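Encoded as structure tokens, the structure appears first; notes follow it.
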Amino acid sequence: MDLRCARMLCVLCFILTVQAFTQERFKEVVLKQLGLSEVPKLHTRDLVDLVIPEHVKNKYMSMLKRQRVKRRALPSLAGILRGIPGHTGEVLYSDTTTRQKLMFDMEGRIPKNSEVTMAELKLFKKPLDRTNLPAKQSHRPVSNARVSVYWVQQQHDGTNRTSLIDSRLVPIRESGWKSFDVTQAVHYWLRNKRRPEPMFLEVWIEGERLGSYASEMAKAVRFTSQDPKDKALGKPELVLYTLNLDDYGSPGDCREEAVMGKSTCCRQKHYISFRELPWAQHWILEPAGFQAYRCSGGCPQPPRALRRLGSGQRSCAVADSSALPIIYLVKRGNHTEIEVAEFPNMIVERCSCVTDGEALA
């Protein structure tokens with residue numbers, strides 16, 4: 001990698017590192033990537049009854065899963081958090097969507113000095129009650145329902161904000177356990193300033209496509225709830241996979257001494273919350289934030305006699321990065337549209353020492 005390329009990869013990392021500089025410069029990077037001159041001026045009416053279209057949701061989930069494959073560590077330890085006794089786990093119905101609320105008491109359940117590498121929400125789908133099925137219609141059959149899992153963040157003003165975590169098609173006529181990847185929700189909960197409150201999730205059950213027939217078919221899908229009155233087997237479970245960082249610290253990631261500037265070049269955690277950036281909180285819909293990381297620490301310097309003429313100091317810089325999928329709002333005339341894009345070089349994957357045109361391990 002030449003020095004010019006290394007510097008390009010390091011630009012975003014540098015922007016996110018300078019505290020007083022972060023919001024404005026980060027905004028410039030996002031606007032430039034989208035080809036915009038300014039943040040869209042959004043009104044309250046643009047945000048009322050906002051629904052992410054299925055094709056946008058599916059494209060976003062596809063991008064997310066492709067990136068997760070690259071970043072996920074191998075789980076080494078599983079712990080199960082079961083439904084909370086006494087919680088109602090209420091189920092709400094509407095014309096097009098069934099919503100099931102879940103709550104998990106997380107405090108004290110994650111071992112100290114460990115990292116949650118993966119989390120699964122396991123839901124037990126009850127056997128199909130055919131009396132709940134609508135009368136057959138002449139058009140093409142409906143075999144699946146769209147099941148989406150959202151993390152619910154309770155705001156200070158009493159309102160809730162949801163973030164899409166996982167979404168998949170579930171066969172309507174099959175029963176048994178169904179698993180959803182909710183790693184992102186657990187990471188959001190860990191960063192939430194209002195801990196130790198429980199983690200709240202919502203399960204949305206919708207038709208696999210538009211139309212009243214698909215919506216009616218989806219209503220036949222029932223998962224066991226957390227309600228103690230629900231006597232069905234298989235209460236919702238949250239399965240956590242963790243790594244003990246004393247034994248399995250990721251190579252190249254900073255330990256505590258690195259934060260104090262006492263270590264060699266490494267990758268340090270650095271979380272960016274879109275919900276806390278005033279210009280982004282209503283414009284960028286998903287994700288709520290992301291772990292950007294940044295490069296930290298010093299680099300050993302070669303003896304002066306071995307340096308080439310004109311070469312400078314070795315410094316810690318980004319050696320590899322990956323993209324971040326984002327769902328955002330676009331203003332076109334008097335109406336608002338929802339789009340998805342993949343932003344390159346947003347997440348630092350690896351740091352190394354760079355000197356005069358060469359990246360050294």
Side-chain angles (χ1 to χ4, degrees), residues 64 68 71-91 99-125 147-156 160-168 177-204 223-230 232-250 253-256 259 269-271 273 275 287-291 293:
L64 263 186
R68 283 175 186 163
R71 294 199 295 271
R72 181 181 295 155
L74 182 67
S76 65
L77 173 68
I80 300 179
L81 306 188
R82 299 183 183 274
I84 310 302
H87 183 64
T88 59
E90 59 185 319
V91 180
R99 299 188 184 186
Q100 182 169 332
K101 296 185 177 182
L102 300 173
M103 181 186 80
F104 292 96
D105 183 7
M106 305 280 286
E107 191 63 20
R109 305 295 186 98
I110 301 174
K112 292 183 178 180
N113 198 32
S114 66
E115 179 179 342
V116 176
T117 59
M118 188 168 70
E120 283 183 295
L121 174 65
K122 297 181 66 178
L123 301 174
F124 187 82
K125 184 180 176 300
V147 179
S148 302
V149 179
Y150 289 81
W151 174 62
V152 181
Q153 182 181 21
Q154 298 185 329
Q155 307 289 322
H156 293 287
N160 290 338
R161 180 149 193 171
T162 59
S163 295
L164 176 65
I165 300 300
D166 198 6
S167 181
R168 54 174 289 201
W177 288 103
K178 307 297 177 184
S179 295
F180 299 85
D181 185 342
V182 293
T183 310
Q184 195 176 27
V186 175
H187 288 171
Y188 286 161
W189 177 85
L190 286 168
R191 295 187 204 85
N192 189 4
K193 294 179 179 178
R194 296 180 63 188
R195 283 195 297 141
E197 68 177 17
M199 187 176 77
F200 296 94
L201 299 175
E202 277 190 1
V203 179
W204 294 19
F223 293 111
T224 303
S225 72
Q226 292 179 321
D227 192 337
K229 298 176 183 177
D230 190 343
L233 297 175
K235 296 294 183 183
E237 295 179 353
L238 183 65
V239 183
L240 302 180
Y241 297 86
T242 63
L243 285 178
N244 185 327
L245 295 182
D246 287 335
D247 300 324
Y248 297 98
S250 300
D253 282 358
C254 296
R255 292 180 176 269
E256 186 176 352
V259 179
K269 288 184 177 180
H270 183 69
Y271 184 73
S273 172
R275 300 293 184 254
F290 71 105
Q291 189 66 255
Y293 295 100

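Residue numbers start at 1 and run along the sequence shown. All values derive from a computational prediction rather than experimental measurement.
- Taking both residues in full, the closest heavy atoms of A119 and L240 are given as CB-CD2, 3.7 Å, listed atom of the first, atom of the second, then distance.
- Using a distance-only test at 3.5 Å, with no hydrogens or angles considered, a donor-acceptor pair links the side chain of Q291 to the main chain of H270.
- Pairing each heavy atom of T224 with each of P236, the nearest pair is O-CG, 3.4 Å.
- Between the CG atom of D166 and the CD atom of E120 there is a distance of 10.0 Å, given to the nearest 0.5 Å.
- Atom CD of residue E107 and atom CD of residue E197 lie 10.5 Å apart, to the nearest 0.5 angstrom.
- Residue D105 comes nearest to L81 through the heavy atom pair O-CD1, 4.2 Å, listed as atom of the first residue, atom of the second, then distance.
- Residues S179 and R168 share a closest heavy-atom pair of O-NH1, 3.1 Å.
- By the 4.5 Å heavy-atom criterion applied to side chains, W151 and Q184 are not counted as neighbours.
- Side-chain contact between V203 and V147: present, with at least one pair of heavy atoms (C-beta onward) separated by less than 4.5 Å.
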Does the side-chain contact (heavy atoms from CB on, under 4.5 Å) test come out yes or no for L201 and F104, once each step is laid out?
CA-CA 8 Å; L201 299 175; F104 292 96; 4.2 Å; yes

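- Counting only heavy atoms from C-beta outward, the side chains of R275 and R161 approach each other to under 4.5 Å.
- W177 approaches K235 most closely through the heavy-atom pair CH2-O, 3.4 Å.
- In this structure, CD1 in I110 is found 4.5 Å from CG in L190, a value given to the nearest 0.5 Å.
- At least one side-chain heavy atom of F223 sits under 4.5 Å from a side-chain heavy atom of K125.
- Taking 4.5 Å as the limit, every side-chain heavy atom of S273 sits out of range of all side-chain heavy atoms of R191.
- The main-chain N or O of F290 is never found under 3.5 Å from a side-chain atom of H187 such that the two would form a donor-acceptor pair.
- When all heavy atoms of S163 and A288 are compared, the pair lying nearest together is OG-CB, 3.6 Å.
- The CD atom of E202 sits 10.5 Å away from atom CD of Q100, with the distance rounded to the nearest 0.5 Å.
- Put simply, OH on Y150 and CH2 on W204 are 4.5 Å apart, with the number rounded to the nearest 0.5 Å.
- In this structure the side chain of F124 never reaches within 4.5 angstrom of the side chain of E237, judged on heavy atoms.
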Would M199 and L238 count as a side-chain contact (heavy atoms from CB on, under 4.5 Å) if you check the C-alpha gap in whole Å, the side-chain angles of each, and the deciding distance to 0.1 Å?
CA-CA 11 Å; M199 187 176 77; L238 183 65; 3.6 Å; yes

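- Every side-chain hydrogen bond (donor to acceptor under 3.5 Å, both in side chains) that K178 has, sequence neighbours left out, goes to E174.
- Aromatic ring pairs are classed by plane angle as parallel below 30°, tilted from 30° to 60° and perpendicular above 60°; the pair Y271 and Y188 is perpendicular.
- Here F200 contributes atom CZ and L102 contributes atom CG; the two are 11.0 Å apart, rounded to the nearest 0.5 Å.
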